[in-house]
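Throughout, a chain's letter reflects where its sequence line sits, starting with A, and its residues are numbered from 1. Values reported hereafter were calculated over all heavy atoms of this structure, with side chains retained and with hydrogens, waters and symmetry mates removed.
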Protein chains: 2
Amino acid sequence: MLQILGLVGSKWSILIVGQLRDRTMRFGELHRAVKGISQRMLTLTLRQLERDGLLTRTVHPSVPPRVDYALTALGATLLDSVVALGEWASAHRHEISNNRHRYDATHPTRT
Amino acid sequence: MLQILGLVGSKWSILIVGQLRDRTMRFGELHRAVKGISQRMLTLTLRQLERDGLLTRTVHPSVPPRVDYALTALGATLLDSVVALGEWASAHRHEISNNRHRYDATHPTRT
DNA sequence: CGGCATCCCCAACGATACTG
DNA sequence: CAGTATCGTTGGGGATGCCG
């Protein structure tokens, strides 16, 4: 339970699953779409999601190689929650940012 | 955005906000309710959530001291998503656990 | 193109002890 | 009761370089 929340709760998982919302994507596409993620973290997070059965990894044996990622049925059941979380974060980011600054101004750092 | 997702996506935040779903709770109550969290992590996570304006911290100057935590209006807007995530994790934990074991059995560890 | 391997660092976290 | 302080560990994650 904690493990599962730890995974799906990870910001990268949320963003990746959100990207695969309505279409399959290649590794490079995801890398470009998910701003700020390193190649390493993208690989690792995709592996976790694949391991948990939330997405499929399809290797096309061509040159150059091509790998497609797509949500599984299980992954799709997570979409609603994930999209909702993403939209919440997007909608309230300014409010939260303000709250943080106000809090920091009110609660001086202990020296 | 990443910061926000990192916070609300944290497993502890999800569980804490979920606990405050329909009532205010004391520190000790939360500590007992959120299995596996250390006192330190509970304190830190509550501080983060308070800083972001998702919950309020009310100190009652009594002996023994008493501190109540409650969701703010902003925190309440996060409830639906968080509850949905929690229920998803709970509902699919066995399926995911099976997927992990199957994956681990199929993909041998490199020695 | 889509990785994996390696090195390395630092923030996160647990455990424990102390306090208003 | 509800924290704070300190120490020690771990593992998350960036940077870089090589490979099928």
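The closest donor-acceptor contact from the side chain of A:Thr72 to the backbone of A:Gly75 lies under 3.5 Å. B:Ser97 places no side-chain N or O within 3.5 Å of a backbone atom of B:Arg93 that could act as its donor or acceptor partner. No donor-acceptor distance shorter than 3.5 angstrom exists from the side chain of A:Ser90 to the backbone of A:Gly86, with no hydrogens or angles considered. The backbone N or O of B:Met41 sits less than 3.5 Å from a side-chain atom of B:Thr45, completing a donor-acceptor pair. Side chain of A:His107 to backbone of A:Tyr103: a donor-acceptor contact under 3.5 angstrom is found. Formation of a donor-acceptor pair under 3.5 Å by the A:His60 side chain with backbone atoms of A:Pro65 is not found in this model.
Here C:dC13 presents its P atom at 9 Å from CH2 of B:Trp12, a figure rounded to the nearest Å. What separates CZ of B:Arg66 from C1' of C:dG20 is a distance of 19 Å, to the nearest Å. Atom CZ in B:Arg57 sits roughly 16 Å away from atom P in D:dC1 (whole-Å rounding). Between the CD atom of B:Gln3 and the C1' atom of C:dA12 there is a distance of 15 Å, given to the nearest Å. For the pair B:Lys11 NZ and D:dG11 C1', the interatomic distance rounds to 12 Å; values are reported in whole Å. To the nearest angstrom, P of D:dA2 lies 7 Å from CZ of B:Phe27. Between B:His60 atom NE2 and D:dC1 atom C1' there is a gap of 13 Å when expressed in whole angstrom units.
Between A:Arg100 and B:Gln3 there is a side-chain heavy-atom pair separated by less than 4.5 Å.
Other residues, nucleotides and ligands contribute over 12 non-hydrogen atoms within 6.0 Å of the CD atom of A:Glu29.
Using five terminal pairs a side, the axes of the helix from C:dC1-D:dG20 to C:dG20-D:dC1 at its two ends make an angle of 60°, given in steps of 10 degrees.
A sub-4.0 Å separation between OP1 or OP2 of C:dG3 and a side-chain N or O of A:Tyr69 is present. Checking the phosphate oxygens (OP1, OP2) of D:dC1, no side-chain nitrogen or oxygen of B:Arg26 falls inside 4.0 Å.
The distance from the CG atom of B:Leu74 to the CD1 atom of A:Ile96 is 5.5 Å, given to the nearest 0.5 Å.
Within a heavy-atom distance below 4.0 Å of DNA chain D, the residues of residues 30-56 of chain B found are B:Gln39, B:Arg40, B:Thr43, B:Arg47.
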